[in-house]
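Here the structure is a predicted model, which is why all the values come from computation and not from measurement.
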Amino acid sequence: QFVESDDDEELLFNIPFTGSVKLKGVIVMGEDDGTHPAELRLFRNIPHMSFDDTAKEPEQTFSLSRDPLGELEYPTKIARFSNVYHLSMHFPKNFGAETTKIFYIGLKGEWTEAHRHEVTICNYEASANPADHKLEQITPQTHFIS
């Protein structure tokens, strides 16, 4: 089984994670012919990325070698990929064929559970309301001098 591009050699994968990932490496496996991808561009934390968004500067770019057995691992810059919740993989070109085929994508890294902060509803006072801040009544002492 494999994924094949439609009309040209470009492929785009959007991979959402259920937690936070520290991505350390990528493996891409294709055929030993012109359909193997020749370049990989990684983007992080851009949900619902489209081909129009691939004009942006990627976090990291790899020149891929033909790897039909999945033996080559491409190390990522861990500082840039230490808190990833969505990964986009753009394959802009291959080794000369009209379409691109990918048989396997491997991601190496560490997953941690996402810390989701619930919505906090707060009310703030623009000015103090004396009715909300009741104090014990102070009995006034009056002294009459005669």
- prompt: How long is the span from the CZ atom in Arg44 to the CD1 atom in Ile15, to the nearest 0.5 Å?
  reply: 15.5 Å
statement: With sequence neighbours left out, the residues meeting side-chain hydrogen bond (donor to acceptor under 3.5 Å, both in side chains) with Thr76 are none
task: Search all heavy atoms of Val26 against all heavy atoms of Met89 and return the closest pair with its distance.
output: CG1-CE, 3.7 Å
task: Go through the structure and list residues passing side-chain hydrogen bond (donor to acceptor under 3.5 Å, both in side chains) with Asp8, not counting sequence neighbours.
output: none
- prompt: Does some side-chain heavy atom of Val28 sit less than 4.5 Å from a side-chain heavy atom of Leu40?
  reply: yes
- request: Report yes if the side chains of Thr100 and Thr35 come closer than 4.5 Å at any heavy-atom pair, otherwise no.
  value: no
task: Heavy atoms only: give me the nearest Lys24-Glu110 pair and the separation to one decimal.
output: NZ-OE2, 2.6 Å
- request: Kindly write out the residues that satisfy ring-ring contact (aromatic ring centres under 6.0 Å, His included) with Phe43, not counting sequence neighbours, or none if the list is empty.
  value: none
query: For the side chain of Arg41 and the backbone of His90, is there at least one donor-acceptor N/O pair under 3.5 Å apart?
result: no
- request: Would you please name every residue forming a ring-ring contact (aromatic ring centres under 6.0 Å, His included) with Tyr85, sequence neighbours left out?
  value: none
query: Can you find a pair of side-chain heavy atoms, one from Asn14 and one from His48, that are under 4.5 Å apart?
result: no
Test side chain to side chain contact (heavy atoms under 4.5 Å, CB included) applied to Lys93 - qualifying residues, sequence neighbours left out: Glu9, Ala38, Glu39
query: Considering only heavy atoms from C-beta outward, does the side chain of Thr54 approach that of Met49 to under 4.5 Å?
result: yes
message: Any heavy-atom pair between the side chains of Leu23 and Leu87 that's under 4.5 Å?
response: yes
field: Contacts of Ser50 that satisfy side chain to side chain contact (heavy atoms under 4.5 Å, CB included) - sequence neighbours left out
entry: Asp52, Asp53
message: For Ser20 versus Ser82, what's the shortest heavy-atom pair and its separation?
response: OG-O, 4.3 Å
message: Could you check whether any side-chain heavy atom of Glu113 comes within less than 4.5 Å of a side-chain heavy atom of Trp111, counting everything from C-beta outward?
response: yes
task: Looking only at non-hydrogen atoms, find the nearest pair between Ser63 and Tyr74 and report the distance.
output: O-CE2, 3.9 Å
task: Applying side-chain hydrogen bond (donor to acceptor under 3.5 Å, both in side chains), name anything that partners Asn45, two or more places apart in sequence or on another chain.
output: none
message: Are Leu64 and Phe91 packed together at the side-chain level, in the sense that at least one heavy-atom pair is separated by less than 4.5 angstrom?
response: yes
- request: Output all residues satisfying ring-ring contact (aromatic ring centres under 6.0 Å, His included) with Phe81, sequence neighbours left out; order by chain, then residue number.
  value: none
- prompt: Which atoms form the tightest heavy-atom contact between His36 and Ser65, and what is the distance?
  reply: CE1-O, 3.2 Å
- request: Share the residues that join Phe95 in a hydrophobic cluster, the rule being Ile, Leu, Val, Met, Phe, Trp or Tyr side chains under 4.5 Å apart at the heavy-atom level.
  value: none
field: Single-linkage hydrophobic cluster, 4.5 Å side-chain cutoff, Leu12 and Phe17 together
entry: no
- prompt: Say you draw a straight line from CG of Leu42 to CD of Gln60; how long is it, rounded to the nearest 0.5 Å?
  reply: 6.5 Å
- request: Could you tell me whether Lys108 and Glu73 make a salt bridge, using a distance below 4.0 angstrom between a side-chain N and a carboxylate O?
  value: yes
query: What's the spacing between Ile102 CD1 and Ser5 OG if we round to 0.5 Å?
result: 8.5 Å
task: Determine, using the 4.5 Å side-chain heavy-atom cutoff (strictly less than), whether Phe51 and Phe13 are members of one ILVMFWY cluster.
output: no
- prompt: Got a sec, which hydrophobics cluster with Phe103, joining ILVMFWY side chains under 4.5 Å apart, including via others?
  reply: Phe2, Ile27, Met29, Tyr104
Other ILVMFWY residues reachable from Leu69 by side-chain steps of under 4.5 Å: none
statement: Distance col, row Thr99:OG1 vs Asn94:CG, nearest 0.5 angstrom, shows 7.0 Å
task: Kindly write out the residues that satisfy side-chain hydrogen bond (donor to acceptor under 3.5 Å, both in side chains) with Asp32, not counting sequence neighbours, or none if the list is empty.
output: none
